[in-house]
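Notes follow the structure.
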Amino acid sequence: MHDPASAPRVPGNPVRDLPLPDLAGFTHRWIDADGVRLHAVEGGQPDGPAVVLLAGFPQTWWAWRKVMPKLAGRCRVVAIDLPGQGHSERPDISYDTHTVAAHVHAAVEALGVSTYWLVAHDIGAWVAFSLALKHPSRLPGLALLDAGIPGITLPDAIPTDPEQAWKTWHFAFHLVPDLPETLLAGREREYVGWFLKAKSLSRDTFDDAEIEQYAASVAADGGLRASLAYYRDAAESARKNHEALAQQHLTVPVLGISGSNGSIPDMAASIRPWADRATGIVVPGAGHFIPDEQPDAVAAALTAFITDEQPDAVAAALTAFITDDD
């Protein structure tokens with residue numbers, strides 16, 4: 001799948017046999033995040049508002065590579081690989097989202113960031129939702145992209161209608177003990193490639209090199225086990241979410257970002273029963289992988305969300321972007 005000999009030996013990197021891509025203007029960092037070594041990629045304006053980006057399955061921080069430079073002109077941008085993802089350590093821990101959120105928050109604190117805008121997609125959004133419940137005073141805003149969150153927006157049953165089942169069938173498959181590992185080991189590229197192509201509006205969104213890169217991450221050093229663990233611990237994530245919500249609603253302002261052809265038609269509506277302030281937008285021309293498919297629209301919406309406190313500013317920014325693009 002890849003040549004380990006070609007991967008640079010970077011001090012502190014716990015996944016040394018995985019090639020390490022660079023992004024111009026950004027620096028790789030490894031942080032001891034409460035006992036778990038996490039990989040972060042940082043750049044932008046040191047004195048600007050901090051924005052922390054989290055990706056989901058089957059991606060890594062690289063999912064944000066097209067958005068990060070567009071935010072860097074105004075913001076301090078930090079993309080973090082979750083535990084078990086990319087070049088972060090693959091620890092033998094619970095992968096429930098509250099446990100993972102604690103490590104992510106510890107990494108942000110270790111970088112010297114006291115308050116930050118949190119932006120997250122897919123499983124990253126699972127973690128971000130739990131983090132926002134625990135540390136609302138640290139977050140001026142939370143943006144969630146196309147994610148069914150355990151106990152909140154993730155349905156308990158998998159649909160059997162073929163028109164819908166292909167979007168969520170893997171939740172049940174990943175829960176089965178041992179079988180996914182048996183079937184997928186050595187076939188990570190085929191599996192990852194199916195997700196990236198099937199869930200994008202355009203099958204040309206990801207080229208072969210990108211598929212190879214993400215598949216190599218899943219295959220490297222226990223990455224497959226860790227990826228599955230998020231799903232296997234989803235029931236515990238849901239339980240802890242409900243415990244936290246029994247004490248208070250989500251008080252952080254939330255921006256829900258959906259793709260016109262994504263998995264969740266209206267992220268804001270799905271979150272609103274549990275959030276005091278939730279607004280939403282639908283990005284046209286996008287499937288599930290919105291940051292890859294429409295990075296300019298995502299960056300425009302996030303910039304408006306971060307720099308303008310008026311709820312209508314995000315929709316106005318997206319509308320202006322669409323009009324200019326036409």
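Just so you know, these numbers use all the heavy atoms, side chains as well, and skip hydrogens, waters and symmetry mates.
- Trp117 has its ring centre less than 6.0 Å from the ring centre of Phe305.
- Checking side-chain atoms of Asp81 against main-chain N and O of Trp61 turns up a donor-acceptor pair under 3.5 Å.
- Proximity of the aromatic rings of His174 and Tyr230 is defined here by a centroid distance below 6.0 angstrom, and this criterion is not met.
- Using a 4.0 Å cut-off between charged side-chain N and carboxylate O, Glu190 and Arg187 make no salt bridge.
- Side-chain N or O atoms of Gln45 include one that pairs as donor or acceptor with a backbone N or O of Ala72 at under 3.5 Å.
- Taking the six-membered ring where the residue is Trp, the centroids of Phe57 and Phe195 are separated by under 6.0 Å.
- One N or O on the side chain of Thr205 and one on the backbone of Ser202 form a donor-acceptor pair closer than 3.5 Å.
- Nearest heavy-atom pair, Val252 versus Pro140, reported as atom, atom and distance to 0.1 Å: CG1-C, 4.4 Å.
- Between Lys199 and Phe289, the closest side-chain pair of non-hydrogen atoms falls below 4.5 Å.
- Under the 3.5 Å distance criterion, the side-chain polar atoms of Lys66 are left unmatched by any main-chain donor or acceptor of Pro295.
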side-chain contact (heavy atoms from CB on, under 4.5 Å) for Thr97 and Phe129? Distances and angles first, verdict last. CA-CA 8 Å; Thr97 53; Phe129 186 90; over 6 Å; no
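- Annotation: side chain of Ile271 is in contact with side chain of Ile152 (closest heavy-atom distance under 4.5 Å).
- The 12-atom threshold is exceeded at CG of Asp207, counting heavy atoms of other residues, nucleotides or ligands nearer than 6.0 Å.
- Checking each of Ile31, Leu20, Asn13 against His39 for a side-chain contact (heavy atoms from CB on, under 4.5 Å) leaves exactly one that passes, namely Leu20.
- Arg37 places no side-chain N or O within 3.5 Å of a backbone atom of Pro14 that could act as its donor or acceptor partner.
- Asn241 places none of its side-chain heavy atoms less than 4.5 Å from the side chain of Trp274.
- Taking OG of Ser237 as the reference point, atom OH of Tyr231 lies at 12.0 Å (rounded to 0.5 Å).
- Contact check for Asp233 versus Thr99: no side-chain heavy atoms found under the 4.5 Å cut-off.
- Atom CZ of Arg225 sits in a crowded spot, with more than 12 heavy atoms from other residues, nucleotides or ligands closer than 6.0 Å.
- Contact annotation: the side chain of Met267 never approaches that of Leu145 to less than 4.5 Å [non-hydrogen atoms, C-beta and beyond].
- Side-chain contact between Ile80 and Val52 is present, with heavy atoms from C-beta onward closer than 4.5 Å.
- The CD1 atom of Ile93 sits 8.5 Å away from atom CD of Glu89, with the distance rounded to the nearest 0.5 Å.
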Please evaluate residues His121 and Leu144 with respect to the criterion side-chain contact (heavy atoms from CB on, under 4.5 Å), reporting the C-alpha separation (whole Å), side-chain torsions for both, the decisive distance (0.1 Å), and the verdict. CA-CA 6 Å; His121 174 241; Leu144 303 174; over 6 Å; no
Which pairs would a plain distance check flag for residues 281-288, meaning a side-chain donor or acceptor within less than 3.5 Å of a matching protein atom at least two apart in sequence or in another chain?
residue : atom : partner : partner atom : Å
His288  : ND1  : Asp146  : OD2          : 2.6
His288  : NE2  : Asp122  : OD1          : 3.0

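- Put simply, the side chain of Thr303 gets close to the backbone of Ala299: a donor and an acceptor are under 3.5 Å apart.
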Starting from the C-alpha separation in whole Å, work towards a yes-or-no answer on side-chain hydrogen bond (donor to acceptor under 3.5 Å, both in side chains) for His28 and Asp22. CA-CA 8 Å; His28 295 280; Asp22 290 319; 2.7 Å; yes
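- Using a 4.5 Å heavy-atom threshold, the side chains of Met68 and Val51 count as separate.
- Side-chain heavy atoms closer than 4.5 Å link hydrophobic residues (I, L, V, M, F, W, Y) into clusters, and following such links, possibly through other members, connects Ile306 to Val113.
- We find the CZ-CG distance between Arg65 and Asp292 to be 5.0 Å, quoted to the nearest 0.5 Å.
- Listed by chain and residue number, His105, Arg138 satisfy the side-chain contact (heavy atoms from CB on, under 4.5 Å) test with Glu109 (two or more places apart in sequence, or in another chain).
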Pair up each side-chain donor or acceptor in residues 176-184 with any protein partner under 3.5 Å, not counting sequence neighbours, and list the distances.
residue : atom : partner : partner atom : Å
Glu181  : OE1  : Arg232  : NH2          : 3.0
Glu181  : OE2  : Arg232  : NH1          : 2.7
Glu181  : OE2  : Arg232  : NH2          : 3.4
Thr182  : OG1  : Asp178  : O            : 3.2

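- Judged purely by atom type and a 3.5 angstrom limit, Glu243 has no side-chain atom pairing as donor or acceptor with the backbone of Lys240.
- Val218 and Leu175 fall into different hydrophobic clusters, where Ile, Leu, Val, Met, Phe, Trp and Tyr side chains are chained together by heavy-atom contacts under 4.5 Å.
- Closest of all the heavy-atom pairs between Ala234 and Trp126 is CB-CZ3, 4.3 Å.
- Although no hydrogens or angles enter the test, the distance criterion places no donor-acceptor pair under 3.5 Å between the side chain of Ser217 and the main chain of Gln213.
- Note that CG of Leu201 and CG of Asn261 are 4.5 Å apart. Values are rounded to the nearest 0.5 Å.
- Note on Trp194 and Val192: same hydrophobic cluster, where clusters join Ile, Leu, Val, Met, Phe, Trp and Tyr whose side-chain heavy atoms are under 4.5 Å apart, directly or indirectly.
- A donor-acceptor contact shorter than 3.5 Å is absent between the side chain of Arg74 and the backbone of Leu71.
- Between the side chain of His87 and the main chain of Pro19, a donor-acceptor pair closer than 3.5 Å is present.
- Distance check, rounded to the nearest 0.5 Å: CD of Gln248 to CG of Asp276 gives 8.5 Å.
- Between Thr115 and Ser137, the shortest heavy-atom distance links the atoms CG2-O, 4.4 Å.
- Looking at heavy atoms from C-beta onward, Pro273 lies out of side-chain contact with His249 at the 4.5 angstrom threshold.
- Considering SG of Cys75 and CG of Leu302, their distance stands at 9.0 Å, rounded to 0.5 Å.
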